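Here is the structure we will look at.
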Amino acid sequence: MHRLLACLLLLATTPAWADETKEIGHVNTAITNLGLTRSHRVVVERFTDPEVRGVSCYISQARTGGLSGMLGVAEDPARFALNCTATGTVEVQPGARRGERGEVVFESSTSLFFKETRVHRFVDEERSAVVYLAWSTRLIDGSPYNAVSAVPIR
């Protein structure tokens with residue numbers, strides 16, 4: 001039993017792969033809440049890719065409020081949007097994984113057990129672009145929700 005609790009604690013505190021993740025802001029989406037519990041909201045976070053300099057990615061995700069949201073046991077909806085932009089000279093480091101499977105650069109837990117939003121990076125050498133794919137590990141009707149963003153390498 002102690003091992004199970006230790007594993008759950010480890011999963012809950014595992015940091016994102018990104019070098020820096022920062023909440024930029026959020027909007028409350030519940031019309032009436034009376035301030036008794038945390039509202040349902042949409043959160044905007046910024047993260048940077050440790051293997052690509054000069055790129056910042058912004059992801060917005062729905063977060064469940066109410067008592068279960070306050071306690072951290074709510075399951076957040078698998079809905080999100082992604083946009084990545086050049087914030088300087090884009091440089092893909094030699095250690096960046098290339099290939100059709102990409103590399104995980106961001107993870108965000110969206111439920112207490114086994115559901116996450118992940119962002120993979122792909123390098124499109126042919127078109128000189130870095131492509132980021134956000135997807136949910138929860139399958140909806142046989143296919144996960146996903147979003148994509150591309151940044152040119154100049």
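The basis for the numbers below is simple: all heavy atoms, side chains too, and nothing from hydrogens, waters or symmetry mates. Keep in mind that this is a model prediction, so the values were computed, not measured.
Under the 4.5 Å side-chain criterion, counting only non-hydrogen atoms from C-beta, Val105 is not in contact with Glu51. Within the 4.5 Å cutoff, side-chain heavy atoms of Glu45 are placed close to those of Gln61.
Residues Val151 and Thr85 approach most closely at CG2-N, 3.9 Å, considering heavy atoms. Considering every non-hydrogen atom in both Pro152 and Arg154, the closest pair reads CG-NH2, 3.5 Å. Nearest heavy atoms, Glu100 versus Phe122: O-CE2, 3.3 Å. Of all heavy-atom pairs spanning Gly54 and Val90, the tightest one is O-CG2, 3.9 Å. Summarising the geometry of Arg97 relative to Glu103, their closest heavy-atom pair is N-OE1, 2.9 Å, with the distance given to 0.1 Å. Residues Ser149 and Cys84 share a closest heavy-atom pair of OG-N, 2.8 Å.
When atom types are taken as modelled, the side chain of Arg121 and the backbone of Val119 share no donor-acceptor pair closer than 3.5 angstrom.
Note: Tyr132 and Phe47 have perpendicular aromatic rings, judged against thresholds of 30 and 60 degrees for the angle between ring planes.
Members clustered with Val44: Ile24, Tyr58, by chain and number, using a 4.5 Å side-chain heavy-atom cutoff among hydrophobic residues.
Clustering ILVMFWY residues whenever any of their side-chain heavy atoms sit less than 4.5 angstrom apart, transitively, puts Ile59 in a cluster other than the one holding Val43. The hydrophobic clustering, which links ILVMFWY residues whose side-chain heavy atoms are closer than 4.5 Å, places Phe80 and Val42 apart.
No more than 12 heavy atoms of other residues, nucleotides or ligands lie within 6.0 Å of CZ in Arg53, so this atom counts as exposed by the packing criterion.
Once rounded to the nearest 0.5 Å, the distance linking OG1 of Thr48 with NZ of Lys22 reads 12.0 Å.
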